[in-house]
Structure formats: structure tokens, C-alpha cells
Amino acid sequence: MIKRIIHAKEFCKAADDISDRLDLSNPDNTYHYLLPNGVDSLKQAFGHDKMLAFNVFVWANLNDSGNYDAAILFIKDKGPRHGREIFSEYIWLSDNPRVGYKLFATAIKFARDNKFEYIQMGCSEKSPSRDKVKKLYNKLGFIKDSESYIAKL
């Protein structure tokens, strides 16, 4: 069941459940090259009721066993570079393409219903489904805007 997360306690449970399921604390995870997703950092940064109600939008899949197994998180981003509100994907984690797409479709519907003019998505180079995700973005009319690079100093 896809559910919007609007309370900090539930956000923290979802973060813990998904981290355990996808082994996010493992530095060899398949989501990023140098910096693994820090579950405690995510909870600290976004686990606030007011943020989850107004500026951070999270949907997660609650499975039949009562655990969250996938999530997508967007931020209302109004950066000075563009001067416009952008619905920006921050993290999208799922090991089930069907559930992952449902999360994505739910977020897109929310963005349209809430009159966002632009949506920004990303894709980790290390993701095993990177090519499929890029194809999906292209099929849905997204255009590549930029690339980012990271190095350890």
C-alpha cells in the first residue's frame, strides 16, 4: 500500500525498514559510489512533522508484514539559480520495479495536483537499473540537464 509519510515517527520507521531491507549502510551498496546513504542523516534532516507537511514529500510502500520496503522523497526546491519552484527528487529506493513505479506515479500526480511547473529526477551511476531508469525518464519526456561528479579529497 502506497502511503504518504507526514509524521517524523513514521518517516524514521520507513527509513529504518528500507535501510535494513536494502542494506543501505553497507558501503558496497548499489546506490552510490563513494558516499552511502546515511539513514541517520536522512532521519535527522527530514524527520520533522512540519517539513514533511510543507517542503519534503515522501511516499513509501507499506507491505503486508507491516514494514516499509520502498520509498521516494521529493523536496520543494526554489533555488536562486532558476527562481522557480521545482519538485526535486532527493532519493528513490525500491528493489521492486512495479512498486517503484507506483511510488513515482503517485509523486507525479501530487506534483501536478499541486501546480508544480517542473520536476527534476536523478539517477545514480552505480544503480543496477540505471539504464532502465534513464529510458523511463526519456520516454516520459524528461531531458538530461546536467551531470555531477564526486571525488574524495
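Remember, it's a predicted structure, so these values are computed and weren't measured experimentally. Residue numbers start at 1 and run along the sequence shown.
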Rounded to the nearest 0.5 Å, how far apart are [atom1] of [X] and [atom2] of [Y]?
X    : Y    : atom1 : atom2 : result
I108 : L103 : CD1   : CG    : 12.0 Å
I119 : R112 : CD1   : CZ    : 8.0 Å
K132 : Y101 : NZ    : OH    : 15.0 Å
I143 : N138 : CD1   : CG    : 10.0 Å
I18  : D95  : CD1   : CG    : 10.0 Å
R84  : E117 : CZ    : CD    : 5.0 Å

Identify the heavy atoms of [X] and [Y] that sit nearest to each other, and give their distance.
X    : Y    : value
I72  : A107 : CG2-CB, 4.4 Å
A15  : K43  : CB-CG, 3.8 Å
R130 : E125 : NE-O, 3.2 Å
L52  : A8   : CD1-N, 3.7 Å
M1   : N61  : N-OD1, 3.1 Å
V99  : D69  : CG1-OD1, 4.4 Å

Are [Y] and [X] connected into the same hydrophobic cluster when the rule is that any two of I, L, V, M, F, W, Y join if their side-chain heavy atoms are below 4.5 Å apart?
X    : Y   : value
F110 : F54 : no
L42  : I6  : no
I86  : L73 : no

Exercise. For D17 and K13, run salt bridge (charged side-chain N to carboxylate O under 4.0 Å, His left out): C-alpha distance rounded to whole Å, both residues' side-chain angles, the deciding distance at 0.1 Å, then the answer.
Key: CA-CA 6 Å; D17 288 354; K13 178 185 176 6; 2.7 Å; yes
Quiz prompt | K3/W59 under side-chain contact (heavy atoms from CB on, under 4.5 Å): CA gap, chis, key distance, verdict | solution = CA-CA 5 Å; K3 183 176 182 181; W59 292 269; over 6 Å; no
Could you check whether atom [atom1] of [X] has more than 12 heavy atoms from other residues, nucleotides or ligands sitting under 6.0 Å from it?
X    : atom1 : answer
D113 : CG    : yes
F116 : CZ    : yes
I75  : CD1   : yes

Quiz prompt | Side chain to side chain, K134 and F142, heavy atoms closer than 4.5 Å | solution =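 No, side chains not in contact.
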Quiz item: Taking it one step at a time, do F57 and F74 satisfy ring-ring contact (aromatic ring centres under 6.0 Å, His included)?
Solution: CA-CA 5 Å; F57 308 101; F74 283 83; 8.4 Å; no
Quiz item: Considering residues at least two apart in sequence or located in another chain, which fulfil the side-chain hydrogen bond (donor to acceptor under 3.5 Å, both in side chains) criterion with E89?
Solution: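 Partners of E89 under the side-chain hydrogen bond (donor to acceptor under 3.5 Å, both in side chains) test: none.
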Quiz item: What orientation do F46 and F11 show, parallel under 30°, tilted 30 to 60°, or perpendicular over 60°?
Solution: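 Ring orientation, 0 to 90° scale: perpendicular.
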Could you tell me if [Y] and [X] have a donor-acceptor pair between their side chains, going purely by distance under 3.5 Å?
X    : Y    : result
Y118 : Q120 : no
Y68  : E10  : yes
N96  : S94  : no

Self-check item: Listed partners of K102 passing side-chain contact (heavy atoms from CB on, under 4.5 Å), at least two apart
Solution: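 For K102 the side-chain contact (heavy atoms from CB on, under 4.5 Å) partners, ignoring immediate neighbours, are I2.
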Quiz item: What do the steps show when you test Y137 against K144 for side-chain contact (heavy atoms from CB on, under 4.5 Å), and what is the final call?
Solution: CA-CA 9 Å; Y137 292 161; K144 187 175 181 178; over 6 Å; no
